Amino acid sequence: SVRLSHMTNIIYKDKKYKLPFVINSHSTAMVKRTNPFSGESIDLPCFAACVYDYTVYLNHMAEKKDAETGETPGFSNNQDEWQKVRNGLNFFRQYFAKEYMVLLD
């Protein structure tokens with residue numbers, strides 16, 4: 001399970017990465033992720049794929065919560081959940097810009 005109340009760091013290729021939330025794997029093995037809209041795929045380290053997967057999940061859950069309350073996604077009273085999504089997106093913008101452009105832009 002993911003614990004959002006505490007962050008952690010990973011050293012990968014001599015660079016320190018501050019994770020937006022605690023993830024299940026700190027593996028640096030390369031894995032593939034595919035943008036469900038464009039069909040374009042890209043390889044990234046497993047720990048970054050975990051951040052991607054959880055960010056997509058958080059986005060889905062925040063959209064679902066907003067839909068249930070009839071609010072506009074991102075502008076609702078559900079800002080704590082949306083901030084978690086933004087934290088995941090910001091991680092990609094900062095550390096994995098190329099992968100962000102393929103998967104999330």
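Keep in mind the model is a prediction, meaning the values are calculated, not measured.
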Could you pull out every donor-acceptor pair under 3.5 Å between side chains of residues 94-104 and any protein atom, sequence neighbours left out?
unit_1	atom_1	unit_2	atom_2	d
Y95	OH	K18	N	3.1
Y100	OH	R93	NE	3.3
Y100	OH	R93	NH2	3.1

Any salt bridge (charged side-chain N to carboxylate O under 4.0 Å, His left out) pairs touching residues 28-49, not counting sequence neighbours? R33-D53
Just wondering, do Y17 and N9 contact through their side chains at under 4.5 Å, heavy atoms? no
With sequence neighbours excluded, what pairs up with E81 under the salt bridge (Lys or Arg N to Asp or Glu O under 4.0 Å) test? K65
What do the steps show when you test W82 against D66 for side chain to side chain donor-acceptor pair (under 3.5 Å), and what is the final call? CA-CA 10 Å; W82 282 111; D66 286 348; 2.7 Å; yes
Can you name the side chain to side chain donor-acceptor pair (under 3.5 Å) partners of S27, sequence neighbours left out? none
About how many Å separate CZ of F47 and OH of Y12, when rounded to the nearest 0.5 Å? 6.5 Å
Hydrophobic cluster identity match, V56 and F91, side-chain contacts under 4.5 Å: yes
Please examine the side chains of F21 and L58, heavy atoms only from C-beta on, and report whether any two atoms are closer than 4.5 Å. yes
With sequence neighbours left out, write down each residue that passes ring pair (Phe, Tyr, Trp, His ring centres under 6.0 Å) with Y57, or none if nothing qualifies. Y54
Value rounded to 0.5 Å, distance of OG1 in T72 from CG in N77: 10.5 Å
Gap separating the SG atom of C50 from the CD1 atom of I10, nearest 0.5 angstrom: 8.5 Å
Applying salt bridge (Lys or Arg N to Asp or Glu O under 4.0 Å), name anything that partners K64, two or more places apart in sequence or on another chain. none
Any side-chain heavy atom of T69 sitting closer than 4.5 Å to one from N78? no
Taking every non-hydrogen atom, the tightest pair across L44 and A49: CD1-N, 3.7 Å
How long is the straight-line distance from CD of E68 back to CD of E63, given to the nearest 0.5 Å? 12.0 Å
Taking N59 for its side chain and T55 for its backbone only, find out whether a donor-acceptor pair lies under 3.5 Å. no
Can you tell if the side chain of N35 reaches within under 4.5 Å of the side chain of S41, non-hydrogen atoms only? no
